[in-house]
Asker: 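Sharing a structure here in structure tokens format.
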Amino acid sequence: MSTSTPSDLNRRAKGWTGWVLLILVAVGLIVVGTTRDTGPRTPDERIEAISKRLACPVCQGESVYESRNTASNQIREAIRQGVDEGRLSDEQIIQQITVAYEGEELLVPTGSGVEALAWALPAAAFVLGAAGLVVAFRRWQRSARSLGAATPEDYELVARALALESSEEQQDDARDRP
Amino acid sequence: MPVIAVSLNGALGHAGLLLMLAAAFVGALSTGFAIVVGNRKGIRQATVYAWMILAGALLAVIAMQRALHTRDYSLDYIQKVGSNSTPGIYNVAAMWSALEGSILLWVLVLAGFTAAVAWRFRKRADDPLVAWALVVMFLVCTFFALVSFGPANPFAAGATVPVGFDGRGPNPLLQNHILVLFHPPILYLGYVGFTVPFAFAIAALITGRVGEGWLLETRRWALFSWGFLTIGILLGGWWSYEVLGWSGVWAWDPVENASLLPWLTGTAYIHSVLVQQRRGMLRVWNLSLLVATFALTILGTFLTRSGIINSVHAFSAGQIDGYLLGFFGLVVVVSLGLIAWRGDRLRSPGAIDSPLSREGAFLANNVIFTVFAFIVLLGTVFPLIVEALQDRRTVVGSPYFDRLSMPIGLALLFLMAVAPVLPWRKASTELLRERLFWPAWCGVGALGVAVAVGATGWAPLIAFALAGFAAGSALRQIALATRRQGWRGLVGRANGGMVVHLGVILVAVALVASNAYTESTELHLTVGDPVEWGGHTFELVDIVAETTPRTDVARANVRLDDDRIYGPAITTYLQMGQPIGTPSVRTGLTHDVYLTIAGTNAPVAGSDSAVLEVFRKPLILWLWIGGLLMAVGTVLSAFPGRRRRNPLEPVSAMVPEPVESPVESPIETRGEDVVSGD
């Protein structure tokens with residue numbers, strides 16, 4: 001076989017050098033994509049980001065960004081004013097609005113008190129699931145080891161069964177042919 | 001005459017529900033008794049009860065439709081959702097626009113599934129597995145018929161109304177888009193469809209036939225239910241996009257979460273069930289997933305229909321919560337009890353050899369989906385927990401779910417990339433290096449395209465790369481299969497599943513792109529003064545008023561890019577008085593332009609200025625295309641690929657030469673699962 005056949009090239013490309021090249025290109029692209037300058041945030045982007053973090057005061061679970069009711073419209077207008085003034089940071093605008101509007105809440109549980117459970121429980125569930133998998137695989141490996149390695153007789157048995165199967169198939173094929 | 005017609009609807013409806021209730025209850029008792037005493041003739045009667053249940057449900061629904069059609073205001077429900085001015089198709093959909101009618105829709109779909117099971121298995125009606133499954137279906141029917149006949153009765157008599165009374169009609173949001181006709185019924189086909197595999201699972205536990213037989217019987221039922229649930233959820237997103245005016249498809253609203261929960265456990269199930277079919281393992285786990293899926297549909301209905309959690313979908317408070325919670329508890333307790341009772345038979349022989357295997361990938365998938373379901377459930381009920389513990393209001397919304405679902409989504413995309421090339425039993429790194437090479441370059445290619453068109457942010461970029469990687473793996477499998485088998489390489493579980501994966505990948509890319517790169521602004525438009533934004537020109541043509549007997553519409557006609565005119569509007573439904581924004585959308589392959597009138601105050605007709613909220617949403621069209629592909633893939637994977645595999649047949653290609661030394665296991669390098677489509 002000559003070294004320049006396509007399949008041979010394909011095989012050689014899939015060696016470690018090919019993979020290293022792939023990883024380098026991928027990392028390079030991600031670095032380019034994440035570090036390039038996209039300019040300062042526009043007022044619209046700030047309004048969107050802030051209104052997505054605030055809960056609509058009269059609905060449950062909807063953000064000011066999503067909600068179309070009058071209360072949310074008012075808050076969106078207040079955010080727009082805050083952003084247009086250009087003096088306050090996002091956090092300060094949010095602070096101002098939660099003070100000004102009764103019943104106004106953030107959509108994300110805080111990291112303290114009971115609300116920390118909203119963050120701790122998912123993490124715990126994930127750890128539990130992963131640990132469960134590890135334990136299960138340990139047990140399976142132990143039970144597989146206790147069976148012992150396959151003996152040459154086992155392999156012979158399999159080979160005989162496969163040979164029988166393939167000879168039957170050949171007979172079938174021969175029968176099918178006119 | 002009208003008096004007779006009026007009482008007829010209520011009477012027919014009650015008769016239908018009563019027939020269903022009686023047939024279901026008596027059917028469950030008599031069939032169960034016949035199985036226990038071994039009366040074969042009695043067991044075969046189950047089919048008759050199933051048809052009676054369907055007849056009863058049909059009668060009730062026809063009576064309800066007739067009552068809606070004739071505006072029969074003697075019924076309380078019609079007073080609530082009926083109106084003389086509701087157009088025909090929305091009047092049909094008005095049936096499921098409030099609690100009682102939506103339970104009636106549930107009842108109809110459930111009765112339909114019960115009859116379908118009886119018909120499908122009619123030749124094996126005296127098989128105890130089938131008979132017990134029907135008993136379980138009858139019991140579920142009994143419960144829902146009871147709820148519909150009792151606390152959520154759509155045929156209850158209403159207060160006397162004056163002559164010439166006109167009802168308010170359905171919620172305005174439920175009568176301005178054709179999708180309200182399709183989204184709820186299709187979603188319910190998915191929800192209720194999972195009752196069938198659940199019933200067979202319980203039947204398998206009762207009969208002790210906990211092997212793989214019942215799984216094979218219900219494979220397509222589970223698959224189609226999953227498909228309908230998927231399509232139903234996506235149609236809901238589409239409806240939200242077209243109607244609600246904030247240009248989003250998913251808001252993590254409690255009712256949306258309630259539909260997502262069974263979808264997550266159902267998705268875990270249709271994957272892990274493959275491990276059981278192939279290896280006879282994970283029996284308890286699969287049963288638990290099915291029980292969880294069914295129980296979560298009940299719990300979701302409880303959470304959203306009982307009024308303890310409010311949402312845009314929630315109907316009314318407190319009518320049926322006791323019933324649903326009781327039924328949920330019963331389902332969980334009985335199922336877990338049966339699993340514990342059959343514990344010895346459920347213990348499966350065999351072991352999963354390596355985490356780096358098809359089975360290992362399915363297990364990882366299951367852990368991720370289960371944790372995802374847990375997070376969605378936790379986030380949904382979290383305000384209740386805080387209220388119970390500290391008696392104060394909290395809100396858990398999109399930012400919480402977005403933050404937690406992002407790593408989960410990335411992990412699932414990664415699994416979708418790696419799992420399809422993994423053989424059963426065990427894979428070597430050699431083999432992975434070989435099979436994953438070109439799919440991984442597909443990922444790099446997708447990343448390159450994303451960077452070239454200006455995508456930023458590490459999470460979206462990694463998502464695009466993994467999506468390309470996963471698409472490469474799916475395409476690799478499809479290419480190998482079609483090369484060997486022609487068009488048949490597209491059908492069967494493994495190959496059809498890859499078509500579903502391609503759909504999921506499109507959905508994921510569309511969601512990531514539209515979440516991360518949507519731009520929006522408020523445009524102050526004046527007639528004759530075009531404004532440029534986001535690469536488009538917007539020119540206000542005029543503001544017109546359109547009045548129908550039902551609505552007042554104020555429409556702002558805007559010419560987009562000197563081309564077509566789009567007309568976002570504010571619609572006021574006269575019976576409701578509540579103004580509703582109606583967006584207008586220009587759909588495109590790369591992005592949509594979404595126009596809506598800012599605020600809820602209708603602009604004055606004839607005036608020469610309007611304030612619009614405009615969104616530029618990238619790739620959103622691909623969300624619907626991806627959904628379509630998922631539906632097609634589901635159908636393809638429901639049918640067997642090649643002829644059924646002989647259990648003695650080797651799973652993989654033959655090793656060309658006899659192995660010299662028996663030390664290295666031949667399993668490791670074999671096991672390509674491409675040809676065995678099923």
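Just so it is clear: chains get the letters A, B, ... in the order the sequence lines come, proteins before strands, and each one is counted from 1. For clarity, every value in this text was computed on a predicted model and none was experimentally measured.
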Asker: Please look at B:L436 and chain A and tell me whether the side chain, the backbone, both or neither of the residue comes under 4.5 angstrom of a heavy atom of that chain.
Answerer: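 Its backbone and side chain both get close to chain A.
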
Asker: Can you see whether B:S398 engages A:E66 through a side-chain donor-acceptor pair at a distance of less than 3.5 angstrom?
Answerer: yes

Asker: Identify which part of B:E434 has an atom lying under 4.5 Å from any heavy atom of chain A, answering side chain, backbone, both or neither.
Answerer: both

Asker: Can you tell which part of B:L461 gets under 4.5 Å to a heavy atom of chain A, answering side chain, backbone, both or neither?
Answerer: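 For B:L461, side-chain heavy atoms alone lie under 4.5 Å from chain A.
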
Asker: Any side-chain heavy-atom pair from A:L21 and B:W441 closer than 4.5 angstrom?
Answerer: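 Result yes, sub-4.5 Å side-chain heavy-atom pair found.
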
Asker: Could you give the distance from CH2 (B:W246) to OG (A:S72), rounded to the nearest 0.5 Å?
Answerer: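 Reported to 0.5 Å precision, the distance equals 12.5 Å.
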
Asker: Does A:R80 come within less than 4.0 Å of B:E522, counting only side-chain N to carboxylate O?
Answerer: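 B:E522 and A:R80: salt-bridged.
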
Asker: Considering residues, nucleotides and ligands other than A:F126, do more than 12 of their heavy atoms fall under 6.0 Å from its CZ?
Answerer: no

Asker: Who among A:P122, A:G129, A:G28 has the most heavy-atom pairs with chain B under 4.5 Å?
Answerer: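 Max contact count across the listed options: A:P122.
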
Asker: Can you tell me which portion of B:A465 sits under 4.5 Å from chain A's heavy atoms? Options are side chain, backbone, both or neither.
Answerer: neither

Asker: For chain A, find which of B:G457, B:S520, B:S354 contributes the most heavy-atom pairs closer than 4.5 angstrom.
Answerer: B:S520

Asker: As an exercise, state the distance from CG of B:L378 to CG of A:L121, rounded to the nearest 0.5 Å.
Answerer: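 Answer rounded to 0.5 Å: 5.5 Å.
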
Asker: For the interface with chain B, which of A:Q141, A:E48, A:E45, A:R139 has the highest count of heavy-atom pairs at distances below 4.5 Å?
Answerer: A:E48

Asker: Locate the shortest heavy-atom distance separating B:L404 from A:A118; write the atom from each residue and the value.
Answerer: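 Taking every non-hydrogen atom into account, CD1-O, 4.4 Å.
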
Asker: Could you check whether atom CD of A:Q95 has more than 12 heavy atoms from other residues, nucleotides or ligands sitting under 6.0 Å from it?
Answerer: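 Result for CD/A:Q95: open.
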
Asker: Which atoms of A:L128 are under 4.5 Å from chain B, going by heavy atoms: the side chain, the backbone, both sets, or neither?
Answerer: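 Interface part for A:L128: neither.
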
Asker: Taking atom CG of A:L107 and atom CG of B:D402, what is their separation to the nearest 0.5 Å?
Answerer: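 Answer rounded to 0.5 Å: 10.0 Å.
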
Asker: I'd like to verify something: which residue of B:Y400, B:F374, B:F401, B:F372 has the highest number of heavy-atom pairs under 4.5 Å with chain A?
Answerer: B:Y400

Asker: Would you name the heavy atoms of A:P109 and B:V396 that are closest together and state the gap between them?
Answerer: CG-CG2, 4.0 Å

Asker: CD of B:E613 to CZ of A:R76: how many Å apart, nearest 0.5 Å?
Answerer: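 Separation between the atoms: 5.0 Å.
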
Asker: Checking heavy atoms, do the side chain of A:L133, its backbone, both or neither come under 4.5 Å from chain B?
Answerer: side chain

Asker: I need the minimum non-hydrogen distance between A:K14 and B:W438, along with the two atoms involved.
Answerer: CE-NE1, 3.3 Å

Asker: What are the two closest non-hydrogen atoms of A:G33 and B:V451, and how far apart are they?
Answerer: CA-CG2, 4.3 Å

Asker: Assess whether atom CZ of B:R347 is packed by more than 12 heavy atoms of other residues, nucleotides or ligands within 6.0 Å.
Answerer: no

Asker: Apply side-chain contact (heavy atoms from CB on, under 4.5 Å) to the pair B:I352 and A:F137, showing each step before the final yes or no.
Answerer: CA-CA 7 Å; B:I352 293 182; A:F137 274 110; 3.4 Å; yes

Asker: Considering only heavy atoms and a distance below 4.5 Å, find which of B:I368, B:I462, B:V367, B:I580 pairs most often with chain A.
Answerer: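 Option with the top pair count is B:V367.
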
Asker: Could you walk me through whether A:V114 and B:Q390 pass the side-chain contact (heavy atoms from CB on, under 4.5 Å) test, one step at a time?
Answerer: CA-CA 9 Å; A:V114 183; B:Q390 300 188 335; 2.8 Å; yes

Asker: If you count heavy-atom pairs under 4.5 Å with chain B, which of A:L29, A:L117, A:D154 comes out on top?
Answerer: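 When all of A:L29, A:L117, A:D154 are compared, A:L29 has the most.
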
Asker: Ignoring hydrogens, what is the shortest heavy-atom contact between A:A26 and B:V444? Give both atom names and the distance.
Answerer: CB-CG2, 4.1 Å

Asker: If you measure from CZ on B:F464 to CD1 on A:I30, what distance do you get to the nearest 0.5 Å?
Answerer: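 The CD1 atom of A:I30 is 12.0 Å from CZ of B:F464, to the nearest 0.5 Å.
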
Asker: Write down the atom of A:K52, the atom of B:N515, and the distance for their closest heavy-atom approach.
Answerer: NZ-O, 4.2 Å

Asker: What part of A:Q74 lies closer than 4.5 angstrom to a heavy atom of chain B: side chain, backbone, both or neither?
Answerer: neither

